[in-house]
Amino acid sequence: MSTVNATNAVTPQIAGAVQEVSRDGKAEAVGGNLGEAWRGWVMWSPGNGTWDLPITWGVINPNSTVVITASEVDGNGNRFVGAAPLSVSSIAPGNGAVVFKINIGWSSAIPMRTDVLVFN
């Protein structure tokens with residue numbers, strides 16, 4: 001992991017994750033040029049500042065399209081829109097992992113959740 005601005009910033013760490021790797025019989029067929037779609041999420045320890053963060057997941061490859069969103073979470077892990085601006089950029093999928101840039105624009109560390117969609 002690396003940082004863009006480390007002044008008084010705290011690096012977020014993975015605190016928990018759910019990655020759906022199987023489908024039940026009720027899932028709709030994926031069509032067009034899309035063969036697979038996967039959904040998961042990662043809970044992060046409190047952090048702030050701008051960081052490059054990795055998520056490892058075997059369904060990701062260099063040709064995957066990966067969409068990541070970020071939200072603040074309360075003490076129960078519920079997402080909410082708070083005063084802190086969170087932004088995700090520079091999403092780069094690779095073999096079994098994706099690295100993305102997160103900016104948590106707050107002076108103190110806050111917990112967050114990232115939701116991940118992978119299209120192959």
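Of all non-hydrogen atoms in G40 and W57, the two that sit nearest each other are N-CH2, 3.6 Å. When all heavy atoms of T114 and A70 are compared, the closest pair comes out as CG2-CB, 4.2 Å. Across all non-hydrogen atoms, the minimal contact from P93 to S64 is CG-O, 3.4 Å. Summarising the geometry of L86 relative to S71, their closest heavy-atom pair is CD2-C, 4.0 Å, with the distance given to 0.1 Å. In terms of heavy atoms, P12 sits closest to L53 at O-CD2, 3.9 Å. Counting all heavy atoms, side chain and backbone alike, S45 lies closest to T11 at OG-O, 4.2 Å.
Annotation: the span from S89 atom OG to F100 atom CZ amounts to 10.0 Å, rounded to 0.5 Å. With values rounded to the nearest 0.5 angstrom, W38 atom CH2 is found 12.0 Å from I60 atom CD1. Interatomic distance, D115 CG to I68 CD1, rounded to the nearest 0.5 Å: 10.0 Å.
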Take I14 and W44, measure what side chain to side chain contact (heavy atoms under 4.5 Å, CB included) needs, and give me the verdict at the end. CA-CA 4 Å; I14 293 177; W44 299 85; 3.4 Å; yes
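The main-chain N or O of V59 is found under 3.5 Å from a side-chain atom of N120 such that the two form a donor-acceptor pair. Distance alone, capped at 3.5 Å, is enough to place a donor-acceptor pair between the D74 side chain and the N76 backbone. Checked by atom type and distance alone, the side chain of N48 pairs as donor or acceptor with a backbone atom of S107 at under 3.5 Å.
A continuous path of Ile, Leu, Val, Met, Phe, Trp and Tyr side chains, each step under 4.5 Å between heavy atoms, connects M112 with I91, placing both in one hydrophobic cluster. Under the 4.5 Å side-chain heavy-atom criterion for grouping Ile, Leu, Val, Met, Phe, Trp and Tyr, V116 is not connected to V99 through any hydrophobic cluster. Note on V67: it clusters hydrophobically with L34, by side-chain heavy-atom contacts below 4.5 Å among ILVMFWY residues.
The only option from V42, V118, V66 that meets the side chain to side chain contact (heavy atoms under 4.5 Å, CB included) definition with I55 turns out to be V42.
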